[in-house]
Number of protein chains: 2
Amino acid sequence: MSQTWNQHVVKKENKALVLETIKEHYPISRASIAQVTGLNKGTVSSLVSELIDEKLIHESGTGKSSGGRRPVMLFLNESAGFTISIDLGVKSVLGVLTDLKGNIKQEKRVHFDDPSLEGVLMILYSLIDELHDKAPDSEYGIVGIGIGVPGVVTNDGEILLAPNLGWKKVALQQMLFEKYQVPITVENEANAGAYGEKVFGVGQKSNELVYASISIGIGVGLILDGKLYKGLRGFSGELGHMTIEKDGKHCRCGNQGCWELYASEQVLLDKAAQLGLEHQSIKELVSEADNGNEQVISLFEDLGDYIGVGITNIIHIFNPEQVVIGNSIIAASAYILPAIEKRIEKNTIGFNKDDVQFNAAKLKEHSTVMGIAAFNVEKFFQTSVHNIQLEVN
Amino acid sequence: MSQTWNQHVVKKENKALVLETIKEHYPISRASIAQVTGLNKGTVSSLVSELIDEKLIHESGTGKSSGGRRPVMLFLNESAGFTISIDLGVKSVLGVLTDLKGNIKQEKRVHFDDPSLEGVLMILYSLIDELHDKAPDSEYGIVGIGIGVPGVVTNDGEILLAPNLGWKKVALQQMLFEKYQVPITVENEANAGAYGEKVFGVGQKSNELVYASISIGIGVGLILDGKLYKGLRGFSGELGHMTIEKDGKHCRCGNQGCWELYASEQVLLDKAAQLGLEHQSIKELVSEADNGNEQVISLFEDLGDYIGVGITNIIHIFNPEQVVIGNSIIAASAYILPAIEKRIEKNTIGFNKDDVQFNAAKLKEHSTVMGIAAFNVEKFFQTSVHNIQLEVN
DNA sequence: TAAGTTTGTCTACCGAATAAACAAAGAATA
DNA sequence: TATTCTTTGTTTATTCGGTAGACAAACTTA
């Protein structure tokens, strides 16, 4: 059943609206907030004074007059709290400390060879502790810890399977909450990446955005109607296991002809090895291509073509405003993007093609970690406004 | 910018909530509504009396006592208005007159051979007029006219392309509004079918439902988060043109290896013709299979297998709660469903497979028309409550 | 210096939800 | 049958948040 509405809800929503307006437009005066939101000046004044009491915003100096009294400018108090946001990869962990605006205050990457749960947990804990210690003193302290994970994550933050780490059934969210007692987010890395590009990256103006994270495998994050879409249990976006060759190669997932068997970094590395370029990273292969190695350039083009087949499907399925490619593959953007675009141009239905933008991730290796930061910040502001509501009662 | 909240909005939302509760649970007393919604008894009484004044609901007799005063039962006034809802097919039009609960009061199917715009418009107009004339007298009269169309429809109800009718750029919504001056809905038939199954059919309990309309071509309607998902411009769900064979057959859409080139009714009919069974309808082929024609049974199984490939993709992409197969193909359910299920069972990833239900459309050839009826009714109740809100001001 | 403008606060008022009192109508029990 | 208890639905007083408009403060412009 839908919720009931009363004046408390009205106040909560309006307060969230004022806070949101300040977040988006600061520095901004009370008068401007009233104009932008449509709320009465008095209402804005009263809500603003509560937000100031709660240290979520602050006044700072006056703005320019436009023919009358000079406005008092309001600012988001972006240092009222900090988030610890982590991108757990297959070979390294990237951790950042951000403020409430998403500014990175500290950043650290730790490489590892042994992906065993015990070892990685040790690294995670010490990374979190280190970022925790480096956080400046603040009103609300660490407001959330979040991790993007290369695997299947349930809606309650349990990792069901992370194939490239060899993990199964790890209740990471619960473990972290018991240890740190702050709100925890555990999310699939592609979902987080999609949200990162939506909030901080190339998709800030798009409400319909599909983010394809292409690395060893392929995962896809869906922003539909401005929100992350997760499906019934959180397992949406398994487009890496979308069949693009009906009786194609057998995948370890049980399906045949999966997209990621033709269009992932792994394929590229395998094919390069066949050319005698063994144990090369994608960056080294890009150097090869830069040096004019036609065979490698051709590998990139083939890969781009296969990626384009999947992207074409995505455009047909979702009619998105934007398709974004992210993760390690973008190191080779210069070679694969033209091939992808060629395939899209040739194969996509005109109606769907006309409005879609195709881009590489703006945040590059920070897409996931910034998405996690966005989740953390969003959760904080939501519960923050909500709790104040409860105190009032 | 998000909307501002005040007491008028609160009242509107609560009134909608009360109406919705009556719609779902009638006959129901004021006291029960208060309990179900959490609203105060007095609030419910006041909102109910307004709804009675507006003839949207009515009292009718008393219910059983549970140890005290007998409750006055409230009913949705389902005859306060009627909808004209139409499914425009490639060879026939199905039109129904429904009340506000979705009960079919009149039904008529008109077959046609010439799909030219002029001819079909004539049929449409006379069908609408006939249903209009048969509508009983009521408070609100015809509250909406809607049409499901086998083609690409924009968010403003313009048909950009209906390949199997040979139509291009038909501003049908505008034309109908100018002629009838009531709210008009024009929607893709698969989208409408999805909504029909969601509201009246097999998907009433599912908020994440994918409906595959399989006929001459394939279209897909997406119910995500309980709502119809249409993408940026309304062109989502073109899964008929999802590549499942990378270098497969060329499609007239410009893409290659499209799902509908392997899994549609058209394919079945073509293959049957190669077996010497020319000019047979799908129902005749089912009879052949019933009579033990092994070749035809095998055709159905092959078709089911190909459909299953696409359904597997759908389950991986969306993690839906339910996948529903509809349109003319379900005449052959007995033969294709087992083959589809076999493919799903074999190829779908366990996490995604575990919770998904796979069904044939419950409403059969009425999925689309009932979806259109649901759109019509929903629009009426929305604008109804909203207008009353304006009058109060 | 005076008039006009913009900002932000304050006050009176309004409207909607709520709690509680109350009346109506029935059930249960002695 | 009379009394008490229950449930339903209405009415009344209260609370709370938003709004309009008055007002003072602070600035610009002429």
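Computed over heavy atoms, backbone and side chain alike; hydrogens, waters and symmetry mates excluded. The chains referred to below are lettered A, B, ... by the order of the sequence lines, with proteins before strands, and numbering in each begins at 1.
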S.K.: For nucleotides 1-3 of chain D, which of its nitrogen or oxygen atoms have a protein nitrogen or oxygen under 3.5 Å away, and what is each distance?
M.R.:
none

S.K.: Which residues satisfy the salt bridge (charged side-chain N to carboxylate O under 4.0 Å, His left out) test with K41(B), sequence neighbours excluded?
M.R.: none
S.K.: By nearest heavy atom, map G67(A) and V10(A) onto DNA chain D; which one lands nearer the 5' end?
M.R.: V10(A)
S.K.: Identify, with sequence neighbours excluded, every residue that meets ring-ring contact (aromatic ring centres under 6.0 Å, His included) alongside Y211(B).
M.R.: none
S.K.: Provide the closest heavy-atom pair for V202(B) versus K362(B) in the form atom of the first, atom of the second, distance.
M.R.: N-CB, 3.7 Å
S.K.: Taking salt bridge (charged side-chain N to carboxylate O under 4.0 Å, His left out) as the cut-off, I'd like each qualifying pair that reaches into residues 26-38 of chain A, sequence neighbours left out, listed once.
M.R.: R30(A)-E59(A)
S.K.: List for me each residue that meets side chain to side chain donor-acceptor pair (under 3.5 Å) alongside R69(A), sequence neighbours excluded, and say none if there are none.
M.R.: none
S.K.: What does S29(A) touch in the nucleic acid at a heavy-atom separation under 4.0 angstrom: a base, only the sugar-phosphate, or nothing?
M.R.: sugar-phosphate
S.K.: Rounded to whole Å, please give me the gap between CD1 in I33(A) and P in dT7(C).
M.R.: 12 Å
S.K.: Going by ring-ring contact (aromatic ring centres under 6.0 Å, His included), name the residues that satisfy it together with F380(B), two or more places apart in sequence or in a different chain.
M.R.: Y140(B)
S.K.: Indicate, with a heavy-atom threshold strictly under 4.0 Å, whether S66(B) touches base, sugar-phosphate, or nothing.
M.R.: sugar-phosphate
S.K.: Could you check how far CG of L47(A) sits from P of dG17(D), rounded to whole Å?
M.R.: 10 Å
S.K.: Hydrogens and angles aside, do K198(A) and S206(A) bring a side-chain donor and acceptor to less than 3.5 Å of each other?
M.R.: no
S.K.: Could you state the atom-to-atom distance from NZ of K11(B) to C1' of dG17(D) in whole Å?
M.R.: 17 Å
S.K.: Under 3.5 Å, is there a donor-acceptor pair between the T21(B) and T37(B) side chains?
M.R.: no
S.K.: Remember a base hit wins even if backbone is also touched, and classify T43(A) as base, sugar-phosphate or nothing at under 4.0 Å, heavy atoms.
M.R.: base
S.K.: Just how far, in rounded Å, is P of dG9(D) from CD1 of I52(B)?
M.R.: 11 Å
S.K.: Rounded to whole Å, please give me the gap between CD in Q7(A) and P in dG17(D).
M.R.: 6 Å
S.K.: Is there any salt bridge (charged side-chain N to carboxylate O under 4.0 Å, His left out) pair reaching into residues 221-230 of chain B, and which pairs are they, with sequence neighbours excluded?
M.R.: E187(B)-K230(B)
S.K.: With sequence neighbours left out, what residues match Q7(A) under side chain to side chain contact (heavy atoms under 4.5 Å, CB included)?
M.R.: none
S.K.: Under 4.0 Å, heavy atom to any atom of DNA chain D: which of residues 57-65 of chain B qualify?
M.R.: none
S.K.: Within this structure, what is the CD1-to-P distance between I28(B) and dT8(D), rounded to whole angstrom?
M.R.: 11 Å
S.K.: Distances under 3.5 Å between protein N/O atoms and the N/O atoms of nucleotides 19-22 of chain C, please, pair by pair.
M.R.:
from    : atom 1 : to     : atom 2 : distance (Å)
dA19(C) : N7     : N40(B) : ND2    : 2.9

S.K.: Kindly state each residue pair satisfying salt bridge (charged side-chain N to carboxylate O under 4.0 Å, His left out) with at least one member in residues 134-145 of chain B, sequence neighbours excluded.
M.R.: E130(B)-K134(B)
S.K.: Just to confirm, is there a sub-4.0 Å distance from OP1 or OP2 of dA16(C) to any side-chain nitrogen or oxygen of H8(B)?
M.R.: yes
S.K.: Between N14(A) and dG17(D), is there a contact of a side-chain N or O with OP1 or OP2 at under 4.0 Å?
M.R.: no
S.K.: Could you tell me whether E78(A) and K105(A) have a side-chain N and a carboxylate O separated by less than 4.0 Å?
M.R.: no
S.K.: Which parts of residues 69-76 of chain B get close to DNA chain C, meaning a heavy atom less than 4.0 angstrom away?
M.R.: R69(B), R70(B)
S.K.: Ring-plane angle category for F375(B) and Y195(B), please: parallel below 30°, perpendicular beyond 60°, tilted otherwise.
M.R.: parallel
S.K.: Side chains of S29(A) and S32(A): donor-acceptor distance under 3.5 Å anywhere?
M.R.: yes
S.K.: Using atom CZ of R30(B) as one end and atom P of dA24(C) as the other, report the distance to the nearest whole Å.
M.R.: 16 Å
